[in-house]
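Residues: numbered from 1 along the sequence shown.
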Amino acid sequence: MRTHGRLDGPEARARQARLARPRPVRSDVLFTFGGGNTALLRWAGAHADVVGLSGLGRTTLPDGHMHETRWKAEDVDRQIDLIERGAAGRCSAPAREALVQLVEVTGDAEAAARRIAGQLNCSPADVLVSPYAWVGTEREITAALEEHRRRWGITRYVVRESHLDAVDRLRAHFPGSGGAAVTEREQRTMDNA
């Protein structure tokens, strides 16, 4: 029995399912590890294909949902160093990606960074240097992405769904015609082609 259609929703169950597209189906699945624990970042450097950084530290509330931010450049430097140390002896280090927590396209990045920093208990400078927040004009955000690539080797981004519309507007300004991120909406379009 063969069915055609589209799955949309948070959960899908299938029996004897087969992926017919895209072809060819990639035989190797990239192992992606996300986290911030010191030992696990070293381990991921040695074993993962992609290491995702979130900018989140220890949970600060008993409910386990509120985290300290680790958005200082020194925090990212330290995490990248752990990945590199773990990758010692490999032919190449794993790719790095960042979880973009927020996107705000604005002509006044300083004011936005002050407001955001007040909400996250960090400094405005942390917000502006961080790969976890894209704040500023299209040019400023694009320049920040280039700096993230140069300084930390971050070439991939995962963007929270609530910010996908802003990313759609920014994509035309990304280096390489938008190759820095694939939005969920664009992935759905490619899957249905």
Which residues pass the side-chain contact (heavy atoms from CB on, under 4.5 Å) test with [X], sequence neighbours left out?
| X | answer |
| --- | --- |
| A143 | none |
| A95 | V50, R156 |
| A73 | V129, R151, W152 |
| A113 | P124, V127, L128 |

* **Evaluation steps, side chain to side chain contact (heavy atoms under 4.5 Å, CB included), between V135 and L102** => CA-CA 8 Å; V135 179; L102 59 94; 3.9 Å; yes

* salt bridge (Lys or Arg N to Asp or Glu O under 4.0 Å) contacts touching residues 134-144 (sequence neighbours left out) -> none

* How far apart are the C-alpha atoms of L99 and R160, what are their side-chain angles, what is the distance that settles it, and do they pass the side chain to side chain contact (heavy atoms under 4.5 Å, CB included) test? -> CA-CA 7 Å; L99 174 60; R160 292 201 181 270; 3.6 Å; yes

Under the side chain to side chain donor-acceptor pair (under 3.5 Å) rule, collect the residues that match up with [X], sequence neighbours excluded.
| X | answer |
| --- | --- |
| T106 | none |
| R90 | none |
| H148 | Y157 |
| R85 | D81 |

* Asked: Which heavy atom in V167 sits nearest to a heavy atom in V103, and how many Å separate them?
  -> CG2-CG2, 4.1 Å

* **Minimal non-hydrogen separation, G136 against I141, with atom names** => O-CD1, 3.5 Å

* Does the pair W134 and V159 meet the rule for a side chain to side chain contact (heavy atoms under 4.5 Å, CB included), with working shown? -> CA-CA 10 Å; W134 296 353; V159 178; 4.3 Å; yes

* To do: Enter the distance from S130:OG to R70:CZ here, rounded to the nearest 0.5 Å.
  => 13.5 Å

* Name all residues meeting the salt bridge (Lys or Arg N to Asp or Glu O under 4.0 Å) criterion together with R78; count only those two or more places apart in sequence or in a different chain, and write none if there are none. => D75

* Can you sort out the partners of D49 under salt bridge (Lys or Arg N to Asp or Glu O under 4.0 Å), two or more places apart, ordered by chain and number? => none

* side chain to side chain donor-acceptor pair (under 3.5 Å) pairs, two or more places apart, involving residues 30-43 -> W43-H47

* Asked: S54 side chain to L56 main-chain N or O, any donor-acceptor pair under 3.5 Å?
  -> yes

